[in-house]
2 protein chains.
Amino acid sequence: MGQHDHHEHHGDSLADAAQANLEKSGEKWTDTRAAIFDTLAGFSRPASAYDIAELVSTARGKRVAPNSVYRILDLFVANNLAMRVESANAYLANSHPGCEHDCIFLVCDTCGEATHVDDDSLSQQVRKVATAEGFKSIRPVIEVRGICQKCN
Amino acid sequence: MGQHDHHEHHGDSLADAAQANLEKSGEKWTDTRAAIFDTLAGFSRPASAYDIAELVSTARGKRVAPNSVYRILDLFVANNLAMRVESANAYLANSHPGCEHDCIFLVCDTCGEATHVDDDSLSQQVRKVATAEGFKSIRPVIEVRGICQKCN
DNA sequence: CGTGTTAAGATACAACATATCATTTTTGAA
DNA sequence: TTCAAAAATGATATGTTGTATCTTAACACG
Ligand SMILES: [Zn+2]
Ligand SMILES: [Zn+2]
Ligand SMILES: [Zn+2]
Ligand SMILES: [Zn+2]
């Protein structure tokens with residue numbers, strides 16, 4: 001189903017890719033941003049801004065306010081370093097920054113884990129439906145809520 | 001794109017259809033539920049529980065608390081009388097209760113209006129992707145954020 | 001340096017959502 | 001009809017998510 005080439009990154013490799021991507025857009029990879037990215041990437045589930053604020057605060061020994069976290073998450077989303085899972089009011093690190101496409105998230109109602117799926121033909125169809133209705137600046141939100149295999 | 005027969009209801013006809021549907025499930029069509037449904041159906045855009053609480057309170061001259069509204073909206077969603085638009089934290093009356101299918105919502109970031117689209121083949125594909133990953137109790141969330149034709 | 005710009009912090013508050021317990025209304029059997 | 005159980009709604013408190021505004025700190029660069 002992955003109809004395009006891309007690289008799934010992990011750990012340091014992911015942070016490096018994220019940094020490279022952000023800097024390519026002329027943005028800076030500051031300590032705070034790095035800490036927030038690392039924390040986000042450390043979650044195996046979509047993390048709320050408050051989750052991240054708490055962990056980063058502890059990790060750095062000084063409080064990081066939620067609004068700062070939101071600011072940086074917004075920056076990450078705008079630059080494809082992270083995605084927002086709308087049905088969970090939470091965020092996920094993008095495991096393949098630099099690769100532009102519409103992700104599909106399968107979110108388990110029981111354990112909260114989110115599976116990331118790519119299906120370009122499907123997301124293209126969604127875009128086509130919206131285009132047909134005259135929509136511009138299209139951002140598909142394709143998610144599935146349900147019970148994952150492990151929880152069944 | 002609507003690959004199945006169904007009826008779009010409006011006004012009293014819609015409320016009647018909603019009532020019939022709810023009662024078919026053994027639930028009661030109380031005054032409060034009727035008022036909340038009417039208010040919800042009167043919105044041309046996804047309405048938040050608080051929006052509805054405020055309007056219903058005014059209309060009935062007595063306060064209806066948000067938690068009551070949430071309770072009833074949950075009931076409506078469970079019985080297909082309303083749908084939740086996840087990316088807007090808000091609700092829409094279902095213009096065709098009794099007709100089971102996965103709706104697609106196109107939501108304008110500028111004016112907030114939501115266009116309702118049905119595409120069974122598309123939503124079936126989304127379900128298929130989730131099924132292939134071992135998901136059960138699947139509830140697709142297919143929405144598109146963007147700028148609508150009028151706002152362009 | 002000094003000055004303008006960008007990033008981050010502090011604080012307050014708004015918006016969305018749920019938990020718990022009390023009260024009212026409905027129902028249906030005695 | 002009366003009364004007890006169940007269902008619906010109300011009151012209240014609190015938790016969670018998100019934004020607005022202003023201040024302070026870090027940085028870049030002439
Ligand atoms: Zn990809
Ligand atoms: Zn699970
Ligand atoms: Zn339909
Ligand atoms: Zn619009």
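Within every chain, numbering begins at 1; the chains are lettered A, B, ... in the order of the sequence lines, protein sequences first and strands thereafter.
Between B/Tyr50 and B/Tyr70, the two ring planes are perpendicular [angle over 60°; tilted spans 30° to 60°].
In this model, the phosphate group of D/dG18 is approached by a side-chain N or O of A/Arg84 to a distance below 4.0 Å at OP1 or OP2. Applying the 4.0 Å criterion to OP1 and OP2 of D/dG18, one finds that A/Tyr70 has a side-chain N or O inside that range. The phosphate of C/dA8 (OP1 or OP2) has a side-chain N or O of A/Arg33 nearer than 4.0 angstrom.
Where B/Val64 and A/Ala49 each meet DNA chain D at their nearest nucleotide, the meeting point lying more 5' is that of B/Val64. Place B/Glu27 and B/Ala65 on DNA chain D by their nearest nucleotides, and B/Glu27 ends up nearer the 5' end.
Side-chain atoms of A/Tyr50 and base atoms of D/dG18 include a donor and an acceptor less than 3.5 Å apart. Donor-acceptor pairing under 3.5 Å, judged by distance alone, is absent between the side chain of A/Arg71 and the base of D/dG18.
Look at NZ on B/Lys28: it is 9 Å from P on D/dT9, rounded to the nearest Å. The separation between A/Asp74 atom CG and D/dA20 atom P is 11 Å, rounded to whole Å. Rounded to an integer number of Å, the gap from A/Asp31 CG to C/dA8 C1' is 12 Å. Taking atom CZ of residue B/Phe37 and atom P of nucleotide D/dT9, one finds them 15 Å apart after rounding to whole Å. At whole-Å resolution of the value, CG in B/Leu73 and P in D/dA8 are 16 Å apart. Computed from coordinates, the B/Lys62 NZ to C/dT25 C1' distance equals 11 Å when rounded to whole Å. In this structure, CD1 of B/Ile52 is placed 14 Å from C1' of C/dA17, rounded to the nearest angstrom. The distance between atom CD1 of B/Ile72 and atom P of D/dA7, rounded to the nearest whole Å, is 16 Å.
Here the nucleotide nearest the side chain of A/Asn89, chosen from D/dT9, D/dT17, C/dA8, is D/dT17.
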Take B/Arg145 and B/Glu143, measure what salt bridge (charged side-chain N to carboxylate O under 4.0 Å, His left out) needs, and give me the verdict at the end.
-> CA-CA 7 Å; B/Arg145 304 297 312 220; B/Glu143 302 175 7; 5.7 Å; no
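Across all strands shown, B/Thr30 has heavy atoms under 4.0 Å from sugar-phosphate atoms exclusively, and none from any base. Counting non-hydrogen atoms under 4.0 angstrom, B/Asn67 reaches a base of the nucleic acid.
Rounded to the nearest 0.5 angstrom, A/Arg127 CZ and A/Arg139 CZ are separated by 10.5 Å.
Under 3.5 Å, the side chains of A/Thr115 and B/Glu133 contain no donor-acceptor pair of N or O atoms.
Inter-residue side-chain proximity for A/Thr32 and A/Val56 is flagged as unmet; no heavy-atom pair is nearer than 4.5 Å.
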